[in-house]
2 protein chains.
Amino acid sequence: MQQYSRDNMAELLRSHDINPTHQRIEIAYALFSRQQHLSADQIMAIVNDRHSETSKATVYNTLNLFLEKKLIREVIVDPNKVFYDPNTQLHHHFYNVTSGELTDIDAEGVTICGLPQLPEGVITEGVDIIVRIRPGATAQAQEQLA
Amino acid sequence: MQQYSRDNMAELLRSHDINPTHQRIEIAYALFSRQQHLSADQIMAIVNDRHSETSKATVYNTLNLFLEKKLIREVIVDPNKVFYDPNTQLHHHFYNVTSGELTDIDAEGVTICGLPQLPEGVITEGVDIIVRIRPGATAQAQEQLA
DNA sequence: ACTCTGAATTAGACAGAGTCCAGATTTTGG
DNA sequence: CCAAAATCTGGACTCTGTCTAATTCAGAGT
């Protein structure tokens, strides 16, 4: 997609069946303009940068609404907080356990072989690969995978 | 390993450089005797089943100590709580998002291909695959993986 | 423009997981 | 058996996230 403006956001929201309100546009803009993984409190800080205008409840309501409408995705890697990811394409993550930094891994070209059959009566919601990394000497990711 | 008794636990702890105290043995026993994924509050409930003897602080201290000494492993799949896993062998998980149930996937035979090179100056801590599932009609796990 | 109505937002109370602290208790080495 | 070190404890606290009841907003119809 091109540039992200607040106007695009309104369209984006509408196209996902979400009523575009001021607060929702601001929150969507915070996530989509910087293509980053943000936590709820980071989003609240961004949105209320100068004059506080959006309440905690609205931030959470809105993020959960976005999730439900599949506008964004949640990434669960840190026990303390959820990250919200504006990228809903299939992709995976590097998670730097020291810094808390989260980086995308394009799913293009990544394959998993040898997963067992799913249990009966159950469907896949998604498959996440999380490569936990930390600062240190040389290494190859491949080593870990028998 | 054979049967899990409280006596084995003491040895196990010592072998991991952990001073075996009553509370630590009980907590280790709770995890290892049933080979299950338990949350901190489940562990506390088990350990304090009859007469409350172990405080919340001790449960958390102990679990964090076990983690640090690599006696157990944590599984982060649910935003609300951490699961502690007595199985430190390399393996992955099915996570039933509806029931909260967590099931092991043996890593034997599972391969990931096409992961990009690690960023510079960084080493792998571990690679987790989480297959999120929920009740529903037929499905193949493989479909998700381009 | 005005009103009515349902949707959205708000502040603040609340809940649950996990941490911290200072004092009490247990364990250990001598 | 004693002192020092390690561990455990209750309770206060923090943080993320949810709930609720009251208020505000937006827009459709007149």
Side-chain angles (χ1 to χ4, degrees), chain A residues 6 9-10 13-14 16-31 37-48 51-69 71-85 97 100 102, chain B residues 6 9-10 13-14 16-31 37-48 51-69 71-85 97 100 102:
Chain A
R6 287 175 173 76
M9 288 304 103
L13 295 184
R14 259 186 292 263
H16 281 256
D17 205 19
I18 298 167
N19 214 333
T21 64
H22 289 313
Q23 290 87 338
R24 287 170 182 177
I25 288 171
E26 283 308 310
I27 291 170
Y29 185 67
L31 275 162
H37 309 86
L38 298 174
S39 63
D41 65 324
Q42 289 176 309
I43 291 169
M44 188 141 97
I46 291 168
V47 165
N48 291 336
H51 21 285
S52 171
E53 336 159 22
T54 304
S55 72
K56 188 168 57 144
T58 298
V59 171
Y60 281 102
N61 286 344
T62 301
L63 288 170
N64 287 328
L65 179 67
F66 286 3
L67 279 179
E68 194 184 302
K69 299 292 188 180
L71 183 63
I72 62 175
R73 171 181 160 179
E74 65 186 339
V75 183
I76 301 165
V77 283
D78 183 311
N80 301 310
K81 50 177 161 281
V82 172
F83 286 104
Y84 296 90
D85 189 344
V97 297
L102 199 53
Chain B
R6 287 176 172 75
M9 288 303 103
L13 294 184
R14 260 185 292 265
H16 281 257
D17 203 20
I18 298 168
N19 215 334
T21 64
H22 287 314
Q23 292 87 340
R24 287 170 183 177
I25 287 171
E26 283 307 311
I27 290 169
Y29 186 67
L31 274 160
H37 308 87
L38 298 174
S39 63
D41 65 322
Q42 287 176 310
I43 291 169
M44 189 142 96
I46 291 168
V47 165
N48 290 336
H51 21 285
S52 171
E53 337 158 21
T54 303
S55 71
K56 189 167 57 142
T58 299
V59 172
Y60 281 102
N61 286 344
T62 301
L63 289 169
N64 287 328
L65 178 67
F66 286 3
L67 280 179
E68 195 184 303
K69 299 291 188 180
L71 182 65
I72 62 175
R73 170 182 160 177
E74 65 186 337
V75 183
I76 301 164
V77 282
D78 183 310
N80 301 311
K81 48 177 162 282
V82 171
F83 287 104
Y84 297 89
D85 188 344
V97 296
L102 200 51

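Residue numbers begin at 1 in each chain, while the letters A, B, ... track the order of the sequences.
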[X] has an atom [atom1]; how far is it from atom [atom2] of [N], in whole Å?
| X | N | atom1 | atom2 | result |
| --- | --- | --- | --- | --- |
| L63(A) | dG17(D) | CG | P | 9 Å |
| D17(A) | dA7(C) | CG | P | 13 Å |
| I27(B) | dT9(D) | CD1 | C1' | 13 Å |
| M44(B) | dT19(C) | CE | C1' | 13 Å |
| R14(A) | dG27(D) | CZ | C1' | 13 Å |
| D78(B) | dG18(C) | CG | C1' | 15 Å |
| Q42(A) | dT16(D) | CD | P | 10 Å |
| F66(B) | dG18(C) | CZ | C1' | 18 Å |

Using only side-chain N and O atoms of [X], determine if any of them is under 4.0 Å from OP1 or OP2 of [N].
| X | N | result |
| --- | --- | --- |
| H22(B) | dT27(C) | yes |
| T21(A) | dA8(C) | no |
| S55(B) | dT9(D) | yes |
| Q23(A) | dT10(C) | yes |
| N64(A) | dT18(D) | yes |
| N19(A) | dA8(C) | yes |
| Y60(B) | dG18(C) | yes |

For the side chain of [X], starting at C-beta, report the closest nucleotide among [options].
| X | options | value |
| --- | --- | --- |
| R24(B) | dC21(C), dG18(C), dT7(D) | dT7(D) |
| K56(A) | dT9(C), dT18(D), dA11(C) | dT18(D) |
| N61(B) | dT9(D), dA17(C), dT10(C) | dT9(D) |

Are [X] and [Y] side-chain neighbours, meaning at least one heavy-atom pair lies under 4.5 Å?
| X | Y | value |
| --- | --- | --- |
| L63(B) | L31(B) | yes |
| F66(B) | H16(B) | no |
| Y29(A) | V47(A) | no |

Side-chain donor/acceptor contact of K81(A) with base of dG17(D) under 3.5 Å: no
Residue met sooner reading DNA chain D from 5', once T54(B) and N80(B) are mapped to nucleotides: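 With T54(B) and N80(B) compared, the 5'-side residue is T54(B).
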Any donor-acceptor pair under 3.5 Å from D85(A) side chain to R73(A) backbone: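 Looks like no, no N/O pair under 3.5 Å.
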Check: N19(B) main-chain N/O paired with R24(B) side-chain donor or acceptor under 3.5 Å: yes
